[in-house]
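Here the structure is laid out as structure tokens; the discussion comes afterwards.
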Amino acid sequence: MDERFDCIIVGGGPAGLAAAMTLARADARFLLVERGEWSGAKNVSGGVLWGRDLARLVPNYWEEEDAGWERFVNHRRLTFMDDGASFSLDFKSDHFNTPPYTGLTVLRSRFDAWLAGKVDEVLEESEHGESLLATDILVEEVIKENDKVTGIRAGGEEFFADCVILAEGVNNLLTRQVGLQTDYVPAEGLAVGVKEVIRFEESVLRDRFQLGERSGMSNEFVGYASDGVEGGGFLYTNRDSVSIGLVLGMADLRKAGKKPYDLLNQFKTHPTVADAIRGGEVLEYNAKVVSTGDMRVMPKEIYADGVLVAGEAANLVLNAGRAIQGMDYAMRSGILAAETVVEAKKVQDFSEAFLQHYRTALDNSYVMQDLRGFQQAVQVLHSPAMFQQVPRLVCDFGREFFTVDNKPTKKAYQILRDVRKEHIGYWDLIKLGSRAARAL
Ligand SMILES: Cc1cc2nc3c(=O)[nH]c(=O)nc-3n(C[C@H](O)[C@H](O)[C@H](O)COP(=O)(O)OP(=O)(O)OC[C@H]3O[C@@H](n4cnc5c(N)ncnc54)[C@H](O)[C@@H]3O)c2cc1C
């Protein structure tokens, strides 16, 4: 095989596979290199894949009996917790029930492998058949000639291309090697995710969470879940298991001297969570670094001569209180990067000047609009009051509001006034409330 390609993609996660599918459909000749034994073998997400981009990549994916997703989300819950209580905002709606769905729970080892299989199917149908998904190979180095990226070194061999898409995820060593990201990323810009997959009989799971045949629930938690450490928890229903975990600010975790796994164990003993996972069997445990969505730690640029950076390698992740978004951003940026490569191929121009179209496309997409628009939310959610005082205040309010005893009943505003005094100063609450109202 001629070892020259139109494009080399490093990484077979959502960003890399979205790029690969886009190139495969455009009949471009590419090589995707993934270090895992198969795509997804080493990947971790909570995880809900938000948005509808999967339908762009695999039209009518929901019609396939054994597609790689678990359940579509039609039930969402945000839970505030202290050590004994939980208070939830709960939303279930049939508008979520129509495909293409806007939220899919996924287990990455299954989902990524399935998506890679779909790319292979498109390649098999294509006339050229010279593109390749290669697994179990680590890309050690990016090759540069005269300041232009021209290929990669992997498994002791060299491969060349007009353009390289770096979709290597959060540990973006190659992005650093080409000089697009500084070597040092402060701990404040990173979080640690820990997660367990807990298995149930499917019928038990469906009864317990009131699920339909393929419908599912996503539940995020704030407060006791992270025990005073910046961050929060999640519980997502899969076909016959739940994914439960925490995402914890790395700097804060270090300061508090706490261990992620101890916090996860503690979270699992909370009465609300313990009831939800009772009788389940722990199948796996994972831990992984994840970006916080703070744009100050994004790479300096996401393109240069002969190279584009997509997905979490470009720190495209956001948690602005509604959902953790990373896989959808990865997919959209992978698609946009590949579309730029297709256009560059038409004019045979892979220079920095042409590749900046990728930056423009990403800037104009919902990804950068959200990241820019919710930077203040990222800051507000980092403030200790949001994961300490506010959840306790909400739970104390719930304790009084929902308790019917043989005593005179307080009005809601009186309860709020009294519990507020116990947890946070009046002006602090007003300031936080107005910041949150503007930011979220
Ligand atoms: C605990 C946790 C919960 C999360 N929950 C959610 C969620 O609910 N929803 C959501 O949207 N996002 C969630 N995220 C974030 C999401 O997982 C990531 O943002 C997303 O996976 C990024 O996709 P990617 O393709 O850019 O990178 P990755 O998924 O990390 O894929 C990168 C790929 O590159 C490969 N690779 C890396 N370096 C090399 C190399 N040198 N050579 C060859 N291959 C290489 C890796 O093996 C991997 O397959 C969560 C993350 C964590 C840790």
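Hydrogens, waters and symmetry mates play no part in the numbers below; they use all other heavy atoms, side chains included. All residue numbers refer to positions in the sequence shown, counting from 1.
No salt bridge links K42 with E37; every basic N to acidic carboxylate O contact stays at or beyond 4.0 Å. For K148 and E352, the salt-bridge test fails: no basic side-chain N is under 4.0 Å from an acidic carboxylate O. A salt bridge is absent between D162 and K345: the closest approach of a Lys/Arg side-chain nitrogen to an acidic carboxylate oxygen does not fall below 4.0 angstrom. Between R29 and D6 there is no salt bridge, since none of the side-chain N atoms of the basic residue sits less than 4.0 Å from a carboxylate O of the acidic one.
When all heavy atoms of V317 and G326 are compared, the closest pair comes out as CG2-CA, 4.1 Å. When all heavy atoms of L123 and F30 are compared, the closest pair comes out as CD2-CE2, 3.9 Å. When all heavy atoms are compared, the tightest approach of S333 to L362 is CB-CD1, 3.8 Å. Minimum heavy-atom separation, S39 to G12: OG-O, 3.0 Å. Nearest heavy-atom pair, I9 versus G16, reported as atom, atom and distance to 0.1 Å: CG2-CA, 3.7 Å. Taking every heavy atom of both residues into account, G245 and F267 meet most closely at O-CE2, 3.9 Å.
Contacts of R278 classified as salt bridge (charged side-chain N to carboxylate O under 4.0 Å, His left out), with partners at least two apart in sequence or in another chain: D275. Not counting sequence neighbours, K144 has no partner by the salt bridge (charged side-chain N to carboxylate O under 4.0 Å, His left out) test. Residues forming a ring pair (Phe, Tyr, Trp, His ring centres under 6.0 Å) with F160 (at least two apart in sequence, or on another chain): none. For E141, the salt bridge (charged side-chain N to carboxylate O under 4.0 Å, His left out) partners are R153, not counting sequence neighbours. With sequence neighbours excluded, the residues that form a side-chain contact (heavy atoms from CB on, under 4.5 Å) with A338 are A19, T22, L23.
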Practice task
Any chance you could lay out the side chain to side chain contact (heavy atoms under 4.5 Å, CB included) test for D90 and H75, step after step, and finish with the verdict?
Solution key: CA-CA 8 Å; D90 192 278; H75 188 180; 2.9 Å; yes

Practice task
Please report the C-alpha distance between E188 and D294 in whole Å, then the side-chain angles of each, then the deciding distance to 0.1 Å, and finally whether the side chain to side chain contact (heavy atoms under 4.5 Å, CB included) criterion is met.
Solution key: CA-CA 9 Å; E188 283 74 15; D294 188 331; 5.9 Å; no

Problem - Trace of the side chain to side chain donor-acceptor pair (under 3.5 Å) decision for Y261 with E196 - result: CA-CA 10 Å; Y261 193 63; E196 281 182 5; 3.2 Å; yes

Exercise for the section: Verify side chain to side chain contact (heavy atoms under 4.5 Å, CB included) between L54 and L104, making sure each step is shown before the conclusion. Expected result: CA-CA 10 Å; L54 182 59; L104 298 174; 3.6 Å; yes

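Heavy atoms of other residues, nucleotides or ligands lying less than 6.0 angstrom from NZ of K92 number more than 12. The number of heavy-atom neighbours closer than 6.0 Å to CG of D136, taken from other residues, nucleotides and ligands shown, is above 12. Counting non-hydrogen atoms of other residues, nucleotides and ligands closer than 6.0 Å to CZ of R254 gives a total of 12 or fewer. By the neighbour-count criterion of 12 heavy atoms within 6.0 Å, atom CD of E201 is sparsely surrounded, having that number or fewer from other residues, nucleotides or ligands.
Checking each of R76, R77, R322 against E220 for a salt bridge (Lys or Arg N to Asp or Glu O under 4.0 Å) leaves exactly one that passes, namely R76. When the options R71, R208, R214 are evaluated for a salt bridge (Lys or Arg N to Asp or Glu O under 4.0 Å) with E202, the one that passes is R71.
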Donor-acceptor pairs are to be reported for all side-chain atoms of residues 109-116 against protein atoms at under 3.5 Å, with residues two or more places apart or in another chain.
from : atom 1 : to   : atom 2 : distance (Å)
R110 : NE     : E70  : OE2    : 3.0
R110 : NH2    : A67  : O      : 3.2
R110 : NH2    : W69  : O      : 3.3
D112 : OD1    : R108 : NE     : 2.8
D112 : OD2    : N43  : ND2    : 2.8
D112 : OD2    : R108 : NE     : 3.1
D112 : OD2    : R108 : NH2    : 2.8
W114 : NE1    : E64  : OE2    : 2.9

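Under the 3.5 Å distance criterion, with hydrogens and angles disregarded, a donor-acceptor pair is assigned to the side chains of Y366 and D328. Side-chain polar atoms of S291 and E312 form a donor-acceptor pair below 3.5 angstrom. One side chain, T79 or N219, offers a donor N or O that lies under 3.5 Å from an acceptor on the other. S241 and N238 are linked by a side-chain donor-acceptor pair at a separation below 3.5 angstrom, with hydrogens and angles left out of the test.
Ring geometry, F159 versus F5: the interplanar angle falls from 30° to 60°, so the pair is classed tilted.
Between M250 atom CE and E230 atom CD the span is 11.5 Å, to the nearest 0.5 Å. Atom CZ of F91 is separated from atom OG of S218 by 11.5 Å, given to the nearest 0.5 angstrom.
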